Amino acid sequence: MKIATFNINGIKARIEALPRWLDAAHPDVVLLQEIKSVDDAFPREIFEELGYQVETHGQKSFNGVAILSKHPLEDVTRGLPGDDSDEQARWIEATVMGETQAIRLCGLYLPNGNPAPGPKYDYKLAWMARLEARARDLLALEMPVMMAGDYNVIPQPEDAAKPESWTEDALFRAETRAAFCRIVNLGFTDAFRAVTQGPGHYSFWDYQAGAWQRNNGIRIDHLLLSPQAADLMTDCQIDRDVRAGDKPSDHVPVWADLAL
DNA sequence: ATGGCTTGTTAAACAAGA
């Protein structure tokens, strides 16, 4: 089962590029971030005609996550637990049945947090604390679990072309990286790093200043696997060529294949 | 880079992103 994460930076703006990638990559499940749409305005028919079930958790103008799946989605839940006053649409969960066993999928859009320090950074760290709590509960299920999405975290210096320019940024500050590390160290596997080591592998290139042409990128879209999911992984890749297509998102898809 | 581009909202700028 091929499961991908893709921050599309607006579903309306990606109404051609997203189906184009689906046709080329034929993922079974896609976790989308930044749909920037309310649920009623999401063009679900386009994806249903391609064979996908569509579950959205949107809001007006900003954020918003969704799941596209060629297999039935069960027990869909919306919103990250831990703060009922949080109105930002950044988390969706669903269970997908494979041929032999089920996997719990979590799609997430972790807050950017800039400028740091400040209230937006405080929100990011508080959100990561809630994520850690949810991650603990998911591990206790002792089943295949994937938490995938735009983490807005550069885990290591090798995950940025110019790490020195990110030192005070909310994506790379010591507190951010430590919070991410705490979650991984609960027992998750960074799927991409289990397959590929070394620098030069990015999932985001800024629209500005010729970042793509200069390969000035960062790796911030991650797939974290529970031990039971990591045991099933056979491959994980970044579809970097998508960034060179017509009217691209500033992020590209990252996917993993699991023997489910 | 104090933001060089893109998006959404809404009708000419503004907010937000990373």
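Below, chain A is the first sequence line, B the second, and so on; all start at residue 1. No hydrogens, no waters, no symmetry mates; every other heavy atom, side chains included, goes into these values. These numbers were taken from a predicted model, which means no experiment stands behind them.
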Chemist: Quick test of your reading: applying ring-ring contact (aromatic ring centres under 6.0 Å, His included), list the pairs with at least one residue in residues 149-171 of chain A, sequence neighbours left out, ordered by first then second residue.
Modeler: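 Every pair satisfying ring-ring contact (aromatic ring centres under 6.0 Å, His included) with a residue in residues 149-171 of chain A: A:Tyr151-A:Phe180, A:Tyr151-A:His222.
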
Chemist: Does A:Lys247 place a side-chain N or O at less than 4.0 Å from the phosphate oxygens OP1/OP2 of B:dT7?
Modeler: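 Looking at the OP1 and OP2 atoms of B:dT7, one of them is under 4.0 Å from a side-chain N or O of A:Lys247.
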
Chemist: Using heavy atoms and a sub-4.0 Å distance, could you list which residues of residues 11-25 of chain A are near DNA chain B? By number, please.
Modeler: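 When residues 11-25 of chain A is checked for heavy atoms under 4.0 Å from DNA chain B, the hits, listed by number, are A:Lys12, A:Ala13, A:Arg14.
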
Chemist: State, without any angle test, whether A:Asp39 and A:Thr56 hold a side-chain donor-acceptor pair at a distance under 3.5 Å.
Modeler: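 Yes, a side-chain donor-acceptor pair sits under 3.5 Å.
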
Chemist: Given the P atoms of B:dA11 and B:dA1, what is the spacing between them in whole Å?
Modeler: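 Result for the P pair: 36 Å, nearest Å.
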
Chemist: Expressed as a whole number of angstroms, how long is the span from A:Glu164:CD to B:dA1:P?
Modeler: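 The distance from CD of A:Glu164 to P of B:dA1 comes to 10 Å, rounded to the nearest Å.
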
Chemist: Rounding to an integer number of Å, can you tell me how far A:Phe42 CZ sits from B:dG8 C1'?
Modeler: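 Rounded to the whole Å, the gap is 16 Å.
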
Chemist: Taking only the C1' atom of each, what is the distance from B:dA18 to B:dA13 in whole angstrom?
Modeler: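 Comparing C1' positions in B:dA18 and B:dA13 gives a spacing of 22 Å.
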
Chemist: Among residues two or more places apart or on two chains, list those pairs meeting ring-ring contact (aromatic ring centres under 6.0 Å, His included) that have a residue in residues 64-103 of chain A.
Modeler: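 For residues 64-103 of chain A: none.
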
Chemist: When rounded to the nearest Å, what value does the distance between C1' atoms of B:dT10 and B:dC14 take?
Modeler: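 Looking at atom C1' only, B:dT10 and B:dC14 are 10 Å apart.
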
Chemist: For A:Ser61 and A:Ala209, take the nucleotide of DNA chain B holding the closest heavy atom to each; which residue's nucleotide lies nearer the 5' end?
Modeler: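 Nearest-nucleotide comparison on DNA chain B picks A:Ala209.
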
Chemist: Send over the distance from A:Asn216 CG to B:dG3 P, rounded to a whole Å.
Modeler: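 Taking CG of A:Asn216 and P of B:dG3, I get 17 Å after rounding.
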
Chemist: Using the C1' atom in both, what is the distance from B:dT9 to B:dG4, to the nearest Å?
Modeler: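 Result for the C1' pair: 23 Å, nearest Å.
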
Chemist: Tell me: CD of A:Gln59 to C1' of B:dG8, nearest whole Å?
Modeler: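 For the pair A:Gln59 CD and B:dG8 C1', the rounded distance is 12 Å.
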
Chemist: For A:Ser61, enumerate each residue passing the side-chain contact (heavy atoms from CB on, under 4.5 Å) test, keeping only those at least two apart in sequence or located in another chain.
Modeler: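 Per chain and number, A:Ser61 pairs via side-chain contact (heavy atoms from CB on, under 4.5 Å) with no residue.
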
Chemist: For DNA chain B, what residues of residues 174-184 of chain A have any heavy atom nearer than 4.0 Å?
Modeler: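 None, since no heavy atom is under 4.0 Å.
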
Chemist: From the options A:Asp250, A:Asn216, A:Asn215, select the one residue that forms a side chain to side chain donor-acceptor pair (under 3.5 Å) with A:Trp205.
Modeler: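 Result for side chain to side chain donor-acceptor pair (under 3.5 Å) with A:Trp205: A:Asn215.
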
Chemist: Determine, for A:Lys162 against A:Glu164, whether the closest basic-nitrogen to carboxylate-oxygen distance falls under 4.0 angstrom.
Modeler: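 Looking at A:Glu164 together with A:Lys162, the answer is no, because their closest N to O distance does not fall below 4.0 Å.
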
Chemist: Name the atoms and distances for all side-chain donor-acceptor pairs under 3.5 Å in residues 136-144 of chain A, with sequence neighbours left out.
Modeler:
from	atom 1	to	atom 2	distance (Å)
A:Arg136	NH2	A:Glu132	OE2	3.1

Chemist: Restricting to ring pair (Phe, Tyr, Trp, His ring centres under 6.0 Å), what partner residues turn up for A:Tyr52, sequence neighbours left out?
Modeler: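 Checked A:Tyr52 against ring pair (Phe, Tyr, Trp, His ring centres under 6.0 Å); zero matches.
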
Chemist: I'd like the P distance from B:dT2 over to B:dA12, given in whole Å.
Modeler: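 Going atom to atom, P in each nucleotide, I get 30 Å.
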
Chemist: May I have all residue pairs that pass ring-ring contact (aromatic ring centres under 6.0 Å, His included) and include part of residues 230-260 of chain A, sequence neighbours excluded?
Modeler: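 Sorted result for residues 230-260 of chain A: A:Phe204-A:His251.
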
Chemist: Just to verify, what does A:Phe62 make a ring pair (Phe, Tyr, Trp, His ring centres under 6.0 Å) with, not counting sequence neighbours?
Modeler: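 Partners of A:Phe62 by the ring pair (Phe, Tyr, Trp, His ring centres under 6.0 Å) criterion come out as none, since no residue qualifies.
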
Chemist: So which residues get pulled into A:Tyr207's cluster when ILVMFWY side chains under 4.5 Å apart are joined, directly or through others?
Modeler: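 Its cluster mates, by chain and number: none.
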
Chemist: Classify every nucleotide of nucleotides 12-18 of chain B by which part a protein heavy atom approaches to under 4.0 Å, writing B for the base, S for the sugar-phosphate alone and - for neither, in 5'-to-3' order.
Modeler: ----SSB

Chemist: Taking the nucleotide of DNA chain B with the closest heavy atom to each, which residue, A:Arg214 or A:Lys60, is nearer the 5' end?
Modeler: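 First, find each residue's nearest nucleotide; the 5'-ward one identifies A:Arg214.
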
Chemist: Tell me who clusters with A:Tyr121, hydrophobic residues only, linked when side chains sit under 4.5 Å apart either directly or through other members.
Modeler: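 Members alongside A:Tyr121: A:Leu125.
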
